[in-house]
Colleague: 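Quick one: structure below, then a few questions.
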Amino acid sequence: MNDVTLRLSGLSKTYLPGTPGEIQVLRGADLELRAGEAVALVAPSGAGKSTLLHIAGLLDTPDTGEVEIAGQGAMGKGDRTRTAIRRRDVGFVYQFHHLLPEFTALENIILPQLANGTSEKAAQVRAMQLLDRVGVSARAEHRPAALSGGEQQRVAFCRALANKPRVLLADEPTGNLDPETSDQVFAALMALVRDEGLSALIATHNLDLAARMDRMLRLEGGVLRPAE
Ligand SMILES: Nc1ncnc2c1ncn2[C@@H]1O[C@H](COP(=O)(O)OP(=O)(O)O)[C@@H](O)[C@H]1O
Ligand SMILES: [Mg+2]
């Protein structure tokens with residue numbers, strides 16, 4: 001089906017194989033993320049959420065299985081092809097913002113666009129629009145250290161979406177924030193995801209936030225199952 005933007009098939013991943021510390025994190029995980037769909041990934045700490053997201057975003061490779069992004073299979077492809085798919089189609093958000101400290105909020109959103117071949121003028125316009133939509137355009141000229149935790153995450157969302165990816169992968173994006181800020185920042189993220197028509201896979205511990213997405217998957221015993 002061509003409306004599947006991310007397909008994971010039969011993913012397995014074992015860390016430290018053949019040693020006493022061996023951990024089978026994934027044991028045949030499958031997922032179909034459809035265009036425009038926001039899916040929550042819930043599981044306790046250590047269950048393998050970050051591992052799954054890294055593999056889905058082509059930052060790590062599974063032992064077996066396939067990852068297909070926007071219809072293109074990534075396994076068995078060289079690093080250059082995998083990097084190209086990731087740059088074009090995947091946006092990442094982490095628990096920590098990972099913004100470049102020596103650049104302003106605006107520059108942090110412009111830079112990935114310039115690296116992608118966008119003109120400076122167009123990159124600036126897009127960056128300001130994104131900042132405006134998450135309510136931090138007044139802080140555009142500030143460096144990350146001068147922003148609150150919630151503002152830093154909002155800027156990180158803008159950066160992740162700067163190049164108009166098809167898929168957003170978010171790893172506990174509000175995990176560092178207090179509950180009230182977390183709520184508002186999550187709402188800003190969901191509004192962006194909806195506006196941009198993105199598909200999103202968002203790992204979270206927070207079941208209230210998870211319930212606001214289209215559906216919820218639980219990672220349990222190395223496989224993904226629908227959750228209540
Ligand atoms: N690079 C690694 N080497 C060895 N073990 C790892 C590595 N990365 C993660 N693990 C282990 O794999 C399991 C799943 O980790 P992770 O994917 O980070 O889970 P989660 O994000 O759900 O907390 C944990 O037991 C963790 O210690
Ligand atoms: Mg994790």
Colleague: Would Gln72 and Arg88 count as a side-chain hydrogen bond (donor to acceptor under 3.5 Å, both in side chains) here? Give the steps.
Modeller: CA-CA 12 Å; Gln72 196 174 358; Arg88 191 185 58 223; 3.1 Å; yes
Colleague: Which distance, rounded to the nearest 0.5 Å, do you find between the CG of Leu31 and the CG of Leu201?
Modeller: 6.0 Å
Colleague: Determine, for Arg133 against Glu196, whether the closest basic-nitrogen to carboxylate-oxygen distance falls under 4.0 angstrom.
Modeller: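 A salt bridge is present here (some side-chain N lies under 4.0 Å from a carboxylate O).
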Colleague: Does a side-chain heavy-atom distance below 4.5 Å link Arg7 with Val67?
Modeller: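 Sidechains of Val67 and Arg7: no contact.
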Colleague: For Lys164, I'd like to know if atom NZ has over 12 heavy atoms of other residues, nucleotides or ligands within 6.0 Å.
Modeller: no
Colleague: Which distance, rounded to the nearest 0.5 Å, do you find between the SG of Cys158 and the CG of Asn108?
Modeller: 10.5 Å
Colleague: Could you check whether any side-chain heavy atom of Leu168 comes within less than 4.5 Å of a side-chain heavy atom of Leu189, counting everything from C-beta outward?
Modeller: yes
Colleague: Is a salt bridge present between Arg194 and Glu37, judged by a nitrogen-to-oxygen distance below 4.0 Å?
Modeller: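 Salt bridge absent between Arg194 and Glu37.
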Colleague: Can a donor-acceptor pair be found, under 3.5 Å and without considering hydrogens, that links the side chain of Asn116 to the backbone of Arg87?
Modeller: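 No.
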Colleague: Can you check whether Ser12 reaches Gln24 side chain to side chain, under 4.5 Å on heavy atoms?
Modeller: no
Colleague: Atom CG in Asn176, atom CD in Gln95: separation rounded to 0.5 Å?
Modeller: 4.5 Å
Colleague: Side-chain contact, heavy-atom cut-off 4.5 Å: Pro165 with Asp89?
Modeller: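 Pro165 vs Asp89: side chains apart.
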Colleague: Dump the intermediate steps for salt bridge (charged side-chain N to carboxylate O under 4.0 Å, His left out) on Asp30 and Arg225, then the final yes or no.
Modeller: CA-CA 9 Å; Asp30 299 310; Arg225 294 202 177 86; over 6 Å; no
Colleague: Less than 4.0 angstrom from a charged side-chain N to a carboxylate O is my criterion; do Asp171 and Lys49 meet it?
Modeller: no
Colleague: Is the closest side-chain heavy-atom distance between Asp214 and Val39 below 4.5 Å?
Modeller: no
Colleague: Flag the pair Arg154 / His97 as yes when at least one side-chain heavy-atom distance between them is below 4.5 Å, and no otherwise.
Modeller: no
Colleague: Let me confirm one number: the CG-CD1 distance from Leu26 to Ile55, rounded to the nearest 0.5 Å.
Modeller: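 Between atom CG of Leu26 and atom CD1 of Ile55 there are 5.0 Å.
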Colleague: Taking atom CD of Gln152 and atom CZ of Arg139, what is their separation to the nearest 0.5 Å?
Modeller: 10.0 Å
Colleague: OG/Ser137 to CG/Asp132 distance, rounded to the nearest 0.5 angstrom?
Modeller: 4.0 Å
Colleague: Using a 4.5 Å cut-off on heavy atoms from C-beta on, say whether the side chain of Thr204 contacts that of Leu41.
Modeller: no
Colleague: Given side chains that start at C-beta, do those of Met75 and Pro62 come closer than 4.5 Å, heavy atoms only?
Modeller: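 A side-chain contact exists here, since the closest heavy-atom pair is under 4.5 Å.
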Colleague: Between Asp183 and Arg212, does any NZ, NE, NH1 or NH2 come within less than 4.0 Å of an OD or OE carboxylate oxygen?
Modeller: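 Yes, charged N to carboxylate O under 4.0 Å.
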Colleague: For the residue pair Phe92 and Tyr94, does the interplanar ring angle fall in the parallel (under 30°), tilted (30 to 60°) or perpendicular (over 60°) class?
Modeller: parallel
Colleague: Identify whether Leu59 and Val25 are in the same connected component of the hydrophobic contact network (ILVMFWY, side-chain heavy atoms under 4.5 Å).
Modeller: yes
